[in-house]
Amino acid sequence: MKSFIESEKNCKLVFKNGGPFWFASSPGKETSILFVSNEDFAFVMNVISQMAFQFPNMKITAFEVMDNHFHFVVQCESQEIIRHFFACIKKRLCRISPYIKKIELDIRPIDDLNSVRNHIAYTHRNGYVANPDCTPFSYRWGTGRFYFNDIPVNGSLSNMNVSQKRLLFKGRDPQLPNDWGIVENHIDPRAYCFVKFGMSLFRDAHQYFSLLTKNVEAYSDLANELGDGEFLTDQELFSQLQQIVHDQYRVSSIRDLSKAQYLDIARSMHYDYHSSNGQIRRVLGLSQYEIDSLFPLGKQHSVK
């Protein structure tokens, strides 16, 4: 077993030899729903695999697809490559979501090892944070569940005929490598993403899981910087609010707040923690009418 110092030194060397690193994301807050069904999401995954093959000079280290936005951690030489890559994705996805034409990526450089670790973990948190029924290992649409986790393949493109491939990609056979695996109804991200490389940026699985579940403050700052949507699970948010009500209102529990204080906390959740109407309703127990009256622009997210 390597020592902490040896493991960290190896990670720094991996980071130095990779890159340049970028974090590319589309806006999540107040963006209309783009994808609804599992069929939609599977098609998005397959389109991303197709474009990853067409852009070999852009290496996807991590990504996640949510119902109304995207997150990518990539390695490439310039922003222009990333924008061209995403433009090709949008062109293919217009058939299932015309609104996607309006979506643009915000692209920011990632300058150090700790930052790239946080961005990978932040990316992988997004899907399961927005969906309270998911865990980091059950959210299907991205690389998150493949980090330090052995997901079996169901087959490969070599087992599929041309008609099946056309159905998978809703068009012509994209002529991808036949040894690329299939997980459920989409291409295995390990075939076209640099998942092993991404994992090598962490000292071990324990560090990755710790960052994924405990680095709340770092994700809070990142989400505020990006203007992103929910970044805390219901339980994480409840714990944060418990501390706030103790420090600001001198009560032991959220349940001891007055109605006016409840509404103040709801505003803090909306503006400071980027909570959806649905998350505010779940955590505070307010009615849907009260929440939507306070934040009418957030109605489209109230189902989360």
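In this chain, residues are counted from 1 in sequence order.
- Under a hydrophobic clustering in which Ile, Leu, Val, Met, Phe, Trp and Tyr are joined whenever their side-chain heavy atoms come within less than 4.5 Å, directly or via other members, Leu167 and Phe169 fall into different clusters.
- Taking 4.5 Å as the limit, every side-chain heavy atom of Leu211 sits out of range of all side-chain heavy atoms of Tyr122.
- For the pair Ile48 and Tyr192, the minimum side-chain heavy-atom distance is below 4.5 Å.
- Taking all atoms of both residues into account, the shortest heavy-atom contact from His69 to Pro27 is CB-O, 3.4 Å.
- The heavy-atom pair separating Arg267 from Phe295 by the smallest distance is CA-CZ, 3.7 Å.
- Of the possible polar contacts, one joining the Thr213 side chain to the Phe209 backbone as a donor-acceptor pair under 3.5 Å is found.
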For side chain to side chain contact (heavy atoms under 4.5 Å, CB included), just list the numbers for His71 and Met66, CA-CA rounded to whole Å, side-chain angles, deciding distance to a tenth of an Å, and then say yes or no.
-> CA-CA 8 Å; His71 285 328; Met66 278 63 68; 3.8 Å; yes

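- A heavy-atom distance below 4.5 Å is found between the side chains of Leu168 and Met160.
- Between the side chains of Asp111 and Ser115, no donor-acceptor pair of N or O atoms lies under 3.5 Å.
- Note that CG of Asp188 and CH2 of Trp180 are 10.0 Å apart. Values are rounded to the nearest 0.5 Å.
- Within the 4.5 Å cutoff, the side chain of Leu284 has heavy atoms near those of the Tyr262 side chain.
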Show your reasoning for whether side chain to side chain donor-acceptor pair (under 3.5 Å) applies to Asp264 and Ser268.
-> CA-CA 6 Å; Asp264 283 343; Ser268 177; over 6 Å; no

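- His84 contributes no side-chain N or O that, together with a main-chain N or O of Glu80, makes up a donor-acceptor pair within less than 3.5 Å.
- Under the 4.0 Å criterion applied to side-chain N and carboxylate O atoms, Glu64 and Arg145 are not assigned as salt-bridge partners.
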Would Tyr147 and Lys196 count as a side chain to side chain contact (heavy atoms under 4.5 Å, CB included) if you check the C-alpha gap in whole Å, the side-chain angles of each, and the deciding distance to 0.1 Å?
-> CA-CA 8 Å; Tyr147 267 56; Lys196 288 184 178 180; over 6 Å; no

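- To the nearest 0.5 angstrom, Arg250 atom CZ is 9.5 Å from Gln248 atom CD.
- No close placement of the Phe137 and Phe146 rings is indicated, their centers lying 6.0 Å or farther apart.
- Put simply, the side chain of Asn154 gets close to the backbone of Glu184: a donor and an acceptor are under 3.5 Å apart.
- Within the 4.5 Å cutoff, the side chain of His186 has heavy atoms near those of the Pro189 side chain.
- There is a side-chain donor-acceptor pair under 3.5 Å between Gln75 and Thr61.
- The main-chain N or O of Gln207 is never found under 3.5 Å from a side-chain atom of Arg117 such that the two would form a donor-acceptor pair.
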Could you give me the CA-CA distance, side-chain angles and deciding distance for Cys76 and Ile82, then say whether side chain to side chain contact (heavy atoms under 4.5 Å, CB included) is met?
-> CA-CA 8 Å; Cys76 70; Ile82 304 172; 3.4 Å; yes

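- Nearest approach of Ala62 to His124, heavy atoms of both residues: CB-NE2, 3.5 Å.
- Remark: side-chain polar atoms of Gln54 are not paired, donor with acceptor, to backbone N or O of Met51 under 3.5 angstrom.
- For the atom pair Gln50 CD and Cys88 SG, the distance stands at 9.5 Å (nearest 0.5 Å).
- Using a 4.5 Å heavy-atom cutoff, the side chains of Ile182 and Val153 are not in contact.
- Residues Pro20 and Glu77 form a side-chain contact, since some pair of their non-hydrogen atoms from C-beta on lies under 4.5 Å apart.
- Of all heavy-atom pairs between Asp133 and Ser138, the closest is O-OG, 4.4 Å.
- The minimum heavy-atom distance between Cys11 and Ser200, with the atom names listed, is SG-O, 3.5 Å.
- Judged by the 6.0 Å and 45° rule, Lys170 forms a cation-pi pair with Phe43.
- The backbone N or O of Ile187 sits less than 3.5 Å from a side-chain atom of Asn46, completing a donor-acceptor pair.
- Remark: of the listed residues Trp141, Phe86, Phe41, Phe63, Phe86 is the sole one forming a ring-ring contact (aromatic ring centres under 6.0 Å, His included) with Phe70.
- Hydrophobic clustering keeps Leu13 apart from Ile120 (ILVMFWY residues linked when any side-chain heavy atoms are closer than 4.5 Å, directly or through intermediates).
- Residue Ser7 holds its OG atom at 6.5 Å from CG of Asp204, rounded to the nearest 0.5 Å.
- Judged by distance alone, with hydrogens and angles left aside, the side-chain atoms of Lys90 form a donor-acceptor pair with the main-chain N or O of Ile103 at under 3.5 Å.
- Leu93 CG to Tyr99 OH: the interatomic distance, rounded to the nearest 0.5 Å, is 15.0 Å.
- Phe55 contributes atom CZ, which lies 8.5 Å from atom CD1 of Ile81 (distance to the nearest 0.5 angstrom).
- Residues Leu113 and Glu8 come closest through the heavy atom pair CD2-OE2, 3.8 Å.
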For Tyr249 and Ile265, what are the C-alpha separation, side-chain angles and deciding distance, and is it a side chain to side chain contact (heavy atoms under 4.5 Å, CB included)?
-> CA-CA 11 Å; Tyr249 299 107; Ile265 289 294; 3.9 Å; yes

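- Judged by distance alone, with hydrogens and angles left aside, the side-chain atoms of Arg83 form a donor-acceptor pair with the main-chain N or O of Leu105 at under 3.5 Å.
- Side-chain contact between Leu34 and Val44: absent, with no pair of heavy atoms (C-beta onward) separated by less than 4.5 Å.
- The only option from Trp22, Phe85, Phe23, Phe21 that meets the ring-ring contact (aromatic ring centres under 6.0 Å, His included) definition with Phe72 turns out to be Phe85.
- Environment of CD in Gln164: crowded, with over 12 heavy atoms of neighbouring residues, nucleotides or ligands closer than 6.0 Å.
- Electrostatic pairing of Lys259 and Glu290 counts as a salt bridge here, judged by a charged N lying under 4.0 Å from a carboxylate O.
- Looking at Asn159, its side chain does come within 3.5 Å of a backbone N or O of Ser156 through a donor-acceptor pair.
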